[in-house]
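Below: the structure, in structure tokens.
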Amino acid sequence: MAERPAVTWRDARGAERRARWWSEHAPAPARLAAAGDDTPADRAFARLRAGDGLAYEGDFHNARQLLDAASRRLRPPAPRAPGIAALFLAEREGVRAAQEVLSRLAVPVGPGWTCALRRAPALEAPLSEAFGDPPDGPALLPLRELRGAIGAHEWHRRGVPVPALGASVHPRYGVFAPVRGEYVGLVARGLARRGSLAGRSALDVGTGTGVLAFLLARAGARVVATDVEPGAVRSAREDAARLGLSERVEVVLADLFPPGDERFDLVLANPPWMPGEPHGPLDRAVYDPGGEVLARLVAGIPARVAPGGAAWLVLSDLAERLGLRDHGELARRLGAAGLRVTATLETRPSHPRAREGDGPLAAARAAEVTRLYELAPA
């Protein structure tokens, strides 16, 4: 890991302080100042928005309230052009800017995963899970990342119920949880229609938590599951063991396809479905810069399907509805790869965001259709 940059500031008493900036995503601010329980939210937000970092001193719960107050003061940028695509891009820019601004409010940690703020919770378990080895001296950790690690620890501890699986998965920090269960139900429907996979081999490309690989294994398949994120590989291996599926599911760290040239009776992929830049590790499960992942995936599928086998591609049409992907692009990519669609299944969104708000973006999300395309060599 790269060396953590050193930062300096003066605390509330005017003494110079020095620490390491301990962030996975946010660059160290060029300027730092002290903030505390008596810092007005308007003043804090003005400094954060201007690019200054704030090192909090005082009470942990008050620090959380200050972060929430700063978040409420953020305003999304105006679209740069007419149309629904511009609305969406403005929304994404607002998310990026919020992440950048809010990550400048930091709390002291170290040495070890300790925090000197009053009423700070126990941090050893969540921060060790999220970030590994702790600092051996004073450090500043963005409060936004700390809260994310605490939330991820609770997801990992309690698990996320997956009705189509009849069990829970326990994603680690930075692993996209299957809270949008419609795609899992869609694959379960496809497996119910197809019947037993006993004696068959299957490849789950970009497995994430491993939930689709587990469905394939329970249908009888021997499964190889891949992911490019080490945290996802670890999560999927842990849950395979928890569900008693380790002998059926091999989880491999790989970018799309596993090493070698093995072919499979069924190749399954639920790739990122939105063209765009990810703003963090969780976003990489959703956003695909320039459609590059989808292009490589489709081009590589034919070489991995065994004779008489099939591929299942699960993809939302939200990008087409927002004007971010041409309506004919997927068909052109499939044709260029020598793949034809032999059947489709589809489902509508069931996640809460599909029922929130109004306006063109809300309407597009409510109308979204996720499809399972069954593919075969043309």
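In this chain, residues are counted from 1 in sequence order. Source: prediction; values computed, not measured.
- Criterion: ILVMFWY side-chain heavy atoms under 4.5 Å apart, direct or through other members. Under it, Leu191 and Val223 are part of a common hydrophobic cluster.
- Within the 3.5 Å criterion, the main-chain N or O of Ala130 finds no donor-acceptor partner in the side chain of Arg172.
- In this structure, the side chains of Arg248 and Arg222 stay at 4.5 Å or more apart for every pair of heavy atoms.
- Residues Leu165 and Leu243 form a side-chain contact, since some pair of their non-hydrogen atoms from C-beta on lies under 4.5 Å apart.
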Verdict with reasoning, Thr344 to Glu374, per side-chain hydrogen bond (donor to acceptor under 3.5 Å, both in side chains) | CA-CA 6 Å; Thr344 59; Glu374 182 170 311; over 6 Å; no
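- Side-chain atoms of Val211 and Tyr183, non-hydrogen and from C-beta on, do get closer than 4.5 Å to each other.
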Test Arg332 against Asp326 for salt bridge (Lys or Arg N to Asp or Glu O under 4.0 Å), laying out the working first.
-> CA-CA 10 Å; Arg332 288 193 296 272; Asp326 183 84; 3.3 Å; yes
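- Using a cutoff of 4.0 Å between basic side-chain nitrogens and carboxylate oxygens, Arg284 and Glu229 are scored as salt-bridged.
- A donor-acceptor contact shorter than 3.5 Å links the side chain of Arg321 to the backbone of Ala367.
- Note on Val251: it clusters hydrophobically with Leu253, by side-chain heavy-atom contacts below 4.5 Å among ILVMFWY residues.
- Here the side chains of Leu102 and Leu143 are not in contact, with every heavy-atom distance at 4.5 Å or above.
- No donor-acceptor pair closer than 3.5 Å links the side chain of Asp227 to the backbone N or O of Val233.
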Could you go step by step and tell me if Val298 and Leu334 meet the side chain to side chain contact (heavy atoms under 4.5 Å, CB included) rule?
-> CA-CA 7 Å; Val298 170; Leu334 294 176; 3.9 Å; yes
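- Taking the six-membered ring where the residue is Trp, Trp273 and Phe176 present perpendicular rings, their angle passing 60° and hence far from 30°.
- Remark: side-chain polar atoms of Arg47 are not paired, donor with acceptor, to backbone N or O of Arg43 under 3.5 angstrom.
- With 3.5 Å as the limit, one finds no donor-acceptor pair spanning the side chains of Thr347 and Glu182.
- Side-chain N/O atoms of Glu346 and Thr370 include no donor and acceptor closer than 3.5 Å.
- Here Arg104 does not pair with Asp52 in a salt bridge; the nearest charged N to carboxylate O distance is not below 4.0 Å.
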Please assess Tyr173 against Trp155 for the test side chain to side chain contact (heavy atoms under 4.5 Å, CB included), listing each intermediate value before the final yes or no.
-> CA-CA 9 Å; Tyr173 177 82; Trp155 284 76; over 6 Å; no
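- Hydrophobic clustering places Val179 together with Phe214 (ILVMFWY residues linked when any side-chain heavy atoms are closer than 4.5 Å, directly or through intermediates).
- For Asn62, the side-chain hydrogen bond (donor to acceptor under 3.5 Å, both in side chains) criterion is met by Asp37, not counting sequence neighbours.
- Listed for the Asp239 side chain is no donor-acceptor partner under 3.5 Å among the backbone atoms of Arg242.
- Ser71 and Asp68 share no donor-acceptor pair across their side chains, judged by distance under 3.5 Å alone.
- Contact check for Trp21 versus Pro29: side-chain heavy atoms found under the 4.5 Å cut-off.
- For Arg92 (side chain) and Glu277 (main-chain N/O), a donor-acceptor pair under 3.5 Å exists by modelled atom type.
- If you chain together hydrophobic residues whose side chains sit under 4.5 Å apart, Leu339 and Val205 fall into the same group.
- In this model, a donor atom of one side chain and an acceptor atom of the other lie less than 3.5 Å apart for His153 and Glu129.
- In this structure, Phe264 and Arg304 have side chains that are in contact, with non-hydrogen atoms separated by less than 4.5 Å.
- Tyr373 and Val369 sit in two unconnected hydrophobic clusters of ILVMFWY residues. Membership requires side-chain heavy atoms under 4.5 Å apart, directly or through other members.
- When Arg371, Arg365, Arg348 are each tested for a salt bridge (Lys or Arg N to Asp or Glu O under 4.0 Å) with Asp317, only one passes: Arg371.
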What's the verdict on side chain to side chain contact (heavy atoms under 4.5 Å, CB included) for Leu361 and Glu91, showing C-alpha distance, side-chain angles and the deciding distance?
-> CA-CA 10 Å; Leu361 286 180; Glu91 180 182 86; 3.7 Å; yes
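- The shortest side-chain heavy-atom distance between Val252 and Pro259 falls under the 4.5 Å cut-off.
- Take Arg333 and apply the salt bridge (Lys or Arg N to Asp or Glu O under 4.0 Å) test, not counting sequence neighbours, and it matches Glu329.
- Side-chain N or O atoms of Thr207 include none that pairs as donor or acceptor with a backbone N or O of Thr226 at under 3.5 Å.
- Annotation: side chain of Glu238 is not in contact with side chain of His170 (no heavy-atom distance under 4.5 Å).
- A side-chain donor-acceptor contact under 3.5 Å links Asp11 to the backbone of Ala15.
- The closest donor-acceptor contact from the side chain of Arg75 to the backbone of Arg72 lies under 3.5 Å.
- Within a 6.0 Å radius of CZ in Arg96, more than 12 heavy atoms belonging to other residues, nucleotides or ligands are found.
- The pair Arg20-Glu3 meets the salt-bridge criterion, since a charged nitrogen lies less than 4.0 angstrom from a carboxylate oxygen.
- A donor-acceptor pair is defined here as one N or O able to donate and one able to accept, closer than 3.5 Å; no such pair exists between the side chain of Asp265 and the backbone of Ala202.
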